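Owing to the predicted nature of the structure, the values given are computational and were not obtained by experimental measurement. Proteins get letters first, then strands, A, B, ... in listed order; numbering begins at 1 in each.
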Amino acid sequence: MQLSKTYEPSQYEPEIYAMWETSGAFKPTGKGEPYSIVMPPPNANGNLHVGHGYMIPIEDILTRYYRMNGRDTIWIPGADHAGFETWVVFEKALEKEGKSRFDFSREQLYKMTWDFVAQNRGNMELQLRALGASCDWESLVFTLDKKVVKTVYSTFKRLWDDGLIYRGERLVNYCTHHQTSFADIEVAYDEETTPLYYIKYGPFELATTRPETKFGDTAVAVHPDDDRYKDLVGKTVTVQGVNGDFEVKVIADEMVDREFGTGVVKITPAHSFDDWEAGQRHDLPAIRVINEDGRMNERAGRFAGLTVMEARKAVVEAMEEMGLIIKIDKNYKTRIGRCYKCNTTIEPMLMKQWFIDIQPLAQRAKKSIESGEIKFVPEQKGKELARYYDELRDWNISRQIPWGIPIPAFQNVNDPDDWIFDERVEESELVIDGVTYRRDNDTFDTWFSSGQWPFVTTDYLSASDLFSDENSEKELAEDANNLARFYPNAVMETGTDLLRPWVSRMIMLGLYATDKVPFHDVFMHGLILDEHGQKMSKSKGNVINPMDIIGEFGSDALRIGIVMNRAAGQNQAFSTASVIAGRNFCNKLWNIARLVQKIIADNPDQAEIADDIAAVWIDKKLNDAQNEISEHIKNYRFAEAVDTVYHIVWDEVADWFMEAEKFYKNTAFLTCVMDRILKIVHPFAPFVTETIWTTLHKDGELLISQQWSEAAEVDSEKVSRFESVKNLVSEVRLITTQLPAGKYDLLYTDDKIIAENADLIKSLAGLKSVEKVEQSRGLRIASANRKAWLDLSPEMVYEHQSRLELRLVEIRGEVEKLQARLDNKGYVEHAPEHLVNETRNEIASKTALIDRLVHELEVIKK
RNA sequence: GGGUUGUUAGCUCAGUUGGCUAGAGCAUCUCGUUUACACCGAGAGGGUCGGGGGUCCGAGUCCCUCACAACCCACCA
């Protein structure tokens, strides 16, 4: 089949992907050392964003590269139930129908959300295909699949049995209207004006925005270095309250800002996040004074039953009567959290939640980073995580939304402290030995389940049950039918924003559940910003949809463009210019293939060409490029790898080798080189390379399943011969572009390389002729140091003189700089010898060039 | 406020442990339509590497300092 003039990606991409998928090329071969990546599961309910447009190509480059380099490779895709995000979208949809979550049971809600997600789930998977993801679809895991739940329960059970799970009180963001708690990110903060009350508080004066929580005060805090209150620290003071006197402890804590108010803070651990922290540090009791319905409880005495705002007003009035209010700052501005749905003020509320005692897990994870068992790219991210582990506090794994994995715990209706583990979560009540247990209605934090992703997706736990004896490792590795050989994963590739919520948890839970690190390397990519370096957001309207880019420029162009010029861990702008470069590159490759096709078609009976020095030269270049690319991939330097690919194809293959082949027409060799290039480029631009491959190869073999070529043996003498030709041609081009348009003659005297390659040189340099003469004339090709002259009239040579003089000044300047370096004793003494030698050699060659130029100028002047 | 990362050509960015004349893509300019490609070819111009100081034979790279920007965390009673 003839290749069309221009590469039209949309014409080939879907078909090519279907070929890969149906051929089974994405499946591991069962041969070679296992190499595995688990895809960070995109939201099943959503569309891919431009971040995926970067993530997927990187993971696909790795997968395709290792697949083509002898590894037994798998890339496991996933789909995320995205607990919170999906829940918000679903609840909005419910709302549109005039319904609320309170109209349904938990089971109903779960079922409805499931159906809702199922409707949309196909989009994301189609988009992964459009990006060319060569992942093994058969091993796809949804975060709510049975095997996920099973593993999550077994890990929970184990933590429970090990005494690492406990019920604990914790402040949660609570909406008193919806009567549910929210995650931090679900709370919308707004700057608002709220009165700041300066009140008398025992021996202190202090400022507060929340006088109504005074009933829950259990301490009063000052800064440890504050001399004003030094004597009172540690004492218990009596405070006059609206319900009578009460006592609080005076504590010293760094949280207090001496400059704010009077430098004194009342501490209400049950209703303020900061105060809760302080309470933890100082071992203070927490007293709840607000109920879940947003009204004051019995602790508020005569104010019980009032709403928070009513109580605030009433308490202030009462305090004013008692003379406890000093002044009220009515212009005070602060940020108040509100429910994103009903705008109700979020109350920090003390509630019972499930917790994991995290430090034992965290410290083990920290060690795995510090020992180098897990390596981070960029390295900095590992250090950041190690620090984070030290600060990590017990992990609250309960969430109050129905869309998630139910927590398999039941509470004795008669004894709130009696909890049992039971997986029968479909039952809302269990009766065991006459005791009734009620199911906990909470679900797991999504990170608790996704934190187990590497061993869930590879079925590692169930497999390690099968292989429990000493030989398990070996048997596992050899069992080609078992996904467990892919655990631990080779690399975890994900965004820097997921370092704490996700990567940290995978390491902790992986080590805990499997005694192994979940992956050996972590590669973290930064955020893709818009073209002007701004964060993309729907409200700004600057969101770039990867599917639009694919539609306009093609999948390969997006891949190359987005990977190009990008460093690990760095937030960087999206650049359409780079995508255009990617598209141009694909077109270039396409046209190389067209030229190969044409040369072969035009020369059906061409025999092997023995003296093709361009062939030897390109073999060498391709060897080098393969090595370089491998090195870059090994070090996760994707931008550099793409750069190497781009330039080997464009600068070496297209500009020199193909041009030389227009002369040689070495058809057999052209086929080999074409294959080799396609293999090298394939991981980066899979669609265009496969399209070319399947067009040129009629045997039905697919490029995706090929192995990279072995390095070719090269005759370095021939390589340097081609380099000489190249230099000569470059200089001839340089001179002739400065001359009036037209074709020129090259003359040479006693020059073996020119004599042997006269026609090649003529072809490459676009000369009229290359002729041997006895007596030289015209302009000497001086820089390339060849006995060659452009046959120019004395007038033209004379005109060229000024250019030569400029060049001479330039080179003399360079030599001066180099000489100055050598004149510096410190340099000669301290710098490595090879550098000094290099400098000397360079001076020598430049001096020789100066001599030639000087000589040439003398000739011209005569 | 704490932490992290940036600031290199008109734009978007590379530059791995300090070492040859600081690179790429896009954009710009000149010449060119030789049937692979104008999504092209041959060339060219453009940078005191954010400012200042220091270490060193040698600094875009290491140290100090200032300015600016982005991100993460904690957010003020």
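As judged by a 4.0 angstrom heavy-atom cut-off over every strand, A/Ala593 is placed among residues making no nucleic acid contact. Heavy atoms of A/Ala831 sit under 4.0 angstrom from at least one base atom. Contact annotation for A/Pro832: base contact, defined as any heavy-atom pair under 4.0 Å involving a base atom. At a threshold of 4.0 angstrom between heavy atoms, the contacts of A/Lys846 include nucleobase atoms, whether or not backbone atoms are also involved. Using a 4.0 Å heavy-atom distance criterion, A/Ile580 is classed as making no nucleic acid contact. When heavy atoms are screened at a 4.0 angstrom cut-off, A/Ala567 is found touching the sugar-phosphate backbone but no base atom. Within the nucleic acid shown, A/Glu810 has no heavy atom closer than 4.0 Å to any nucleic acid atom. Across all strands, A/Gln572 comes closer than 4.0 Å only to sugar-phosphate atoms, never to a base (heavy-atom distances). At a threshold of 4.0 angstrom between heavy atoms, the contacts of A/Glu640 are confined to the sugar-phosphate backbone, with no base atom among them.
Put simply, the side chain of A/Lys5 and the base of B/rA36 share no donor and acceptor less than 3.5 Å apart. A donor-acceptor contact under 3.5 Å is formed by the side chain of A/Asn565 with the base of B/rA24. For A/Glu659 and B/rA36, a side-chain-to-base donor-acceptor distance below 3.5 Å is present, hydrogens and geometry of angles not being considered. Applying the 3.5 Å distance criterion, the base of B/rC57 shares no donor-acceptor pair with the side chain of A/Lys825.
RNA chain B is contacted by both A/Tyr646 and A/Arg583; A/Tyr646 maps to the nucleotide lying nearer its 5′ end (nearest heavy atom per residue). Map A/Ala573 and A/Asn635 each onto its nearest nucleotide of RNA chain B; the residue landing nearer the 5' end is A/Ala573.
The side chain of A/Lys662 approaches B/rA36 more closely than any other nucleotide in the set B/rA42, B/rC71, B/rA36. Out of B/rC20, B/rG19, B/rC39, the shortest distance to the side chain of A/Asn584 is found at B/rC39. Closest to the A/Leu595 side chain, of the nucleotides B/rA36, B/rU21, B/rG3, is B/rA36. Candidate nucleotides B/rA44, B/rC39, B/rA36 were compared by shortest atom distance to the side chain of A/Glu8, and B/rC39 ranks first. Out of B/rC20, B/rC40, B/rA24, the shortest distance to the side chain of A/Arg821 is found at B/rC20. Distance from the side chain of A/Asp655 is smallest for B/rG41 among the nucleotides B/rG43, B/rG41, B/rG3. Distance from the side chain of A/Arg637 is smallest to B/rG15 among B/rG3, B/rC37, B/rG15. In the set B/rC76, B/rA36, B/rU21, the nucleotide with an atom closest to the side chain of A/Ala654 is B/rA36. Comparing B/rC20, B/rG25, B/rU4 against the side chain of A/Arg387 picks out B/rU4 as the nearest. In this structure, the nucleotide among B/rU4, B/rG25, B/rA42 sitting nearest to the side chain of A/Met564 is B/rG25.
With a 3.5 Å ceiling on both atom-pair distances, the Watson-Crick or G-U wobble partner of B/rG41 is B/rC31.
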Going through the checks in order, is the side chain to side chain contact (heavy atoms under 4.5 Å, CB included) test met by A/Tyr198 and A/Asp329? CA-CA 8 Å; A/Tyr198 283 77; A/Asp329 177 356; 4.2 Å; yes
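Only the C1' atoms considered, B/rU8 is 9 Å distant from B/rG15, to the nearest whole Å. Comparing B/rU33 with B/rA70, their C1' atoms sit 47 Å apart, to the nearest whole Å. Using P as the reference atom, B/rU4 and B/rC76 are 24 Å apart when rounded to the nearest Å. Annotation: B/rG47 and B/rC39 have their P atoms spaced 30 Å apart (nearest Å). When the C1' atom is compared between B/rA14 and B/rC49, the two are found 13 Å apart, to the nearest whole Å. Rounded to a whole angstrom, the distance from the P atom of B/rU17 to that of B/rU5 is 14 Å. Separation of the C1' atoms belonging to B/rG46 and B/rU28 is 9 Å when rounded to the nearest angstrom. Look at the P atom in both B/rC26 and B/rC62: the space between them is 30 Å, to the nearest Å.
In this structure, A/Glu391 atom CD and B/rA74 atom P are separated by 10 Å, rounded to whole Å. In this structure, A/Trp276 atom CH2 and B/rC75 atom P are separated by 14 Å, rounded to whole Å.
Between A/Lys598 and B/rA36 there is a side-chain polar atom (N or O) within less than 4.0 angstrom of OP1 or OP2. Using a 4.0 Å cut-off, no side-chain N or O of A/Asn587 falls inside it from OP1 or OP2 of B/rC40. OP1 or OP2 of B/rU5 lies within a sub-4.0 Å distance of a side-chain N or O belonging to A/Gln380. Note on A/Lys743: every side-chain N or O is 4.0 Å or more away from OP1 and OP2 of B/rA42. Side-chain N/O atoms of A/Trp650 include one lying less than 4.0 angstrom from OP1 or OP2 on B/rG41. Taking only side-chain nitrogens and oxygens, A/Arg393 never comes nearer than 4.0 Å to OP1 or OP2 of B/rA74. Put simply, A/Gln570 has no side-chain N or O that comes within less than 4.0 Å of OP1 or OP2 on B/rU4.
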